[in-house]
2 protein chains.
Amino acid sequence: MSDHEQLRTATSHGQSGDALPPVEQHAKQYETVRYAHETELIEDYVELIGDLIRHRGEARAADIANRMAVSQATVSKMIRRLNELGLVTSKPYRSLFLTEEGQAMAETSRARHNVVLHFLRALGVDDSTARIDAEGMEHHVSDETLAIMQRFTEQRQS
Amino acid sequence: MSDHEQLRTATSHGQSGDALPPVEQHAKQYETVRYAHETELIEDYVELIGDLIRHRGEARAADIANRMAVSQATVSKMIRRLNELGLVTSKPYRSLFLTEEGQAMAETSRARHNVVLHFLRALGVDDSTARIDAEGMEHHVSDETLAIMQRFTEQRQS
DNA sequence: GATAATAGTTAGCCAAGGCTAAATTGTTTG
DNA sequence: CAAACAATTTAGCCTTGGCTAACTATTATC
């Protein structure tokens with residue numbers, strides 16, 4: 001754990017600019033990002049499956065592959081994982097269904113996604129850009145920030 | 001490419017809610033996220049190395065490992081990649097330096113990061129939350145959105 | 001200046017998330 | 001209803017980014 005950094009003072013090289021955060025806090029930032037990366041693909045799949053069911057009545061692997069711009073083999077492998085995680089049920093060669101848990105995750109993700117998307121539009125971001133940015137940002141926005149985004153959007157729209 | 005989705009009309013299952021975007025646009029969203037994931041770790045390392053040099057006068061592998069909450073072996077391996085990419089120069093067992101290109105990347109990343117961080121604070125997000133969210137969001141914010149964030153922050157602070 | 005402590009590297013493991021090619025199952029249609 | 005086509009799965013490959021353990025180099029201390 002030894003931290004020779006502590007031997008230096010905060011200003012010994014101070015070309016100003018924002019200071020480095022304390023090591024523990026800095027570490028937590030990166031850990032949070034790594035954790036988000038572990039979960040976000042799963043959430044994206046579940047969210048998309050939910051959307052497909054909602055809008056089309058069913059979710060088929062080929063549609064997922066098309067919309068994610070990924071091979072069918074990749075989707076197939078992923079579906080196995082989602083199955084193991086208890087998020088979807090599927091019979092071979094048939095379309096997919098979300099479990100209770102999967103539905104809850106889809107719902108949460110969708111809500112989150114929408115808050116971010118509407119916030120960006122309220123900020124004045126162009127629709128297609130907002131969609132792209134929202135897709136990337138949604139998994140990295142804390143509940144606190146999400147609540148603030150939602151309030152902001154509501155104020156702008158009333 | 002065959003897309004049986006097109007056989008359905010947009011409203012055939014319309015429980016309303018936002019509609020699905022067209023396939024091509026939807027695909028672009030996910031592709032953009034995947035691309036960001038490929039580059040963001042690299043950028044994070046380069047940005048951190050830049051910050052360490054800036055604030056401490058040097059960047060040592062142990063400090064990077066501590067701040068990223070990652071093992072030294074992981075850092076060592078990553079540094080080799082950064083070397084191959086022409087972003088850093090390093091002699092074995094010595095501290096690191098950024099190449100021209102590395103410095104440019106560090107500068108860009110730092111600027112981007114700061115815009116997002118200051119924006120979140122201006123929005124009213126708590127400092128430590130803002131730091132965490134900014135770390136995750138920075139790689140997923142388009143230039144367009146970034147510019148809007150910057151304008152917003154400036155207006156709030158004047 | 002020898003030894004202990006610290007820092008860095010290497011080897012080898014693992015899981016995730018891509019891919020292509022080949023095999024299998026389902027569906028449509030002549 | 002058989003053949004062609006479409007959808008899904010499986011097998012096997014690759015790269016990334018983690019890890020631990022063992023080794024090497026540098027630095028600090030007595």
Side-chain angles (χ1 to χ4, degrees), chain A residues 1-8 23 27 30-46 48-49 52 56 58-85 87-97 139, chain B residues 1-7 27 30-46 48-49 52 56 58-85 87-97 139:
Chain A
M1 199 55 59
S2 73
D3 190 354
H4 85 117
E5 290 191 39
Q6 292 178 349
L7 301 179
R8 292 165 172 282
V23 180
Y30 292 110
E31 283 171 339
T32 303
V33 173
R34 280 198 299 274
Y35 178 71
H37 284 166
E38 279 177 25
T39 56
E40 68 182 298
L41 228 210
I42 301 287
E43 286 176 16
D44 282 345
Y45 269 85
V46 169
L48 177 55
I49 291 167
L52 287 170
R56 319 308 266 273
E58 64 173 357
R60 325 211 85 231
D63 296 342
I64 297 172
N66 278 187
R67 288 192 173 266
M68 290 219 167
V70 125
S71 75
Q72 287 199 355
T74 296
V75 171
S76 199
K77 196 193 268 193
M78 201 63 191
I79 289 170
R80 202 182 333 158
R81 276 198 71 207
L82 297 177
N83 241 304
E84 287 161 3
L85 293 172
L87 295 166
V88 312
T89 58
S90 61
K91 296 183 189 134
Y93 299 95
R94 290 269 107 98
S95 69
L96 305 170
F97 300 90
H139 305 283
Chain B
M1 198 55 58
S2 73
D3 190 354
H4 84 117
E5 289 191 39
Q6 292 178 349
L7 301 179
Y30 293 111
E31 283 170 338
T32 303
V33 173
R34 280 198 298 274
Y35 179 70
H37 284 167
E38 279 176 25
T39 55
E40 67 182 297
L41 230 210
I42 301 287
E43 286 176 16
D44 283 346
Y45 269 85
V46 169
L48 177 55
I49 291 166
L52 286 170
R56 320 308 266 276
E58 65 173 355
R60 325 212 86 227
D63 296 342
I64 297 171
N66 278 188
R67 289 193 172 265
M68 291 218 167
V70 125
S71 74
Q72 287 199 354
T74 296
V75 172
S76 199
K77 198 194 268 192
M78 201 64 191
I79 287 170
R80 201 181 333 153
R81 276 199 71 207
L82 297 177
N83 240 304
E84 287 161 5
L85 293 171
L87 295 166
V88 311
T89 56
S90 62
K91 295 182 191 136
Y93 298 95
R94 291 268 108 99
S95 68
L96 306 171
F97 300 91
H139 305 283

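Below, each value reflects all heavy atoms present in this structure, side chains not excepted, and no hydrogens, waters or symmetry copies.
The overall bend of the helix from dG1(C)-dC30(D) to dG30(C)-dC1(D), read as the angle between its terminal helix axes built from five base pairs each, is 0° when rounded to 10 degrees.
You'll find the side chain of Val88(A) stays beyond 4.5 Å of the side chain of Phe97(A), heavy atoms only. For the pair Ile49(B) and Leu87(B), the minimum side-chain heavy-atom distance is 4.5 Å or more. Residues Arg34(B) and Val70(A) are in side-chain contact: their nearest non-hydrogen atoms beyond the backbone lie under 4.5 Å apart.
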| task | Go through the steps to decide whether Met68(B) and Leu48(B) satisfy the test side-chain contact (heavy atoms from CB on, under 4.5 Å), and finish with yes or no. | result | CA-CA 9 Å; Met68(B) 291 218 167; Leu48(B) 177 55; 3.7 Å; yes

| Test side-chain contact (heavy atoms from CB on, under 4.5 Å) applied to Met78(A) and Ile64(A), step by step | CA-CA 11 Å; Met78(A) 201 63 191; Ile64(A) 297 172; over 6 Å; no

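When rounded to the nearest whole Å, the span between CZ of Arg80(A) and P of dG12(D) equals 13 Å. Asn83(B) has its CG atom 15 Å from the P atom of dG8(C), to the nearest Å. Rounded to an integer number of Å, the gap from CD of Glu84(A) to P of dT9(D) is 13 Å. Across the protein-nucleic acid pair, Ile79(B) atom CD1 and dT9(C) atom C1' stand 10 Å apart, rounded to whole Å. Atom pair Glu43(B):CD and dT16(D):P shows a separation of 16 Å (rounding to whole Å applied). To the nearest angstrom, C1' of dC19(D) lies 17 Å from CE of Met68(B).
In the interface, the side chain of Tyr93(B) is paired with the base of dT24(D) through a donor and an acceptor atom under 3.5 Å apart.
Considering only side-chain N and O atoms, Arg94(A) lies under 4.0 angstrom from the phosphate OP1 or OP2 of dT27(C).
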Sub-3.5 Å pairs of nitrogen or oxygen atoms, protein against nucleotides 15-22 of chain C:
from    : atom 1 : to       : atom 2 : distance (Å)
dG17(C) : OP2    : Arg81(A) : NH1    : 2.2
dG18(C) : O6     : Lys77(A) : NZ     : 2.4
dC19(C) : OP2    : Ser71(A) : N      : 2.9
dC19(C) : OP2    : Ser71(A) : OG     : 3.0
dC19(C) : OP2    : Thr74(A) : OG1    : 2.7

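Remark: the Asn83(B) side chain and the Ser90(B) side chain contain an N/O donor-acceptor pair separated by less than 3.5 Å.
Side-chain proximity of Arg60(A) to the nucleotides dT24(D), dA7(D), dT10(C) is greatest for dA7(D).
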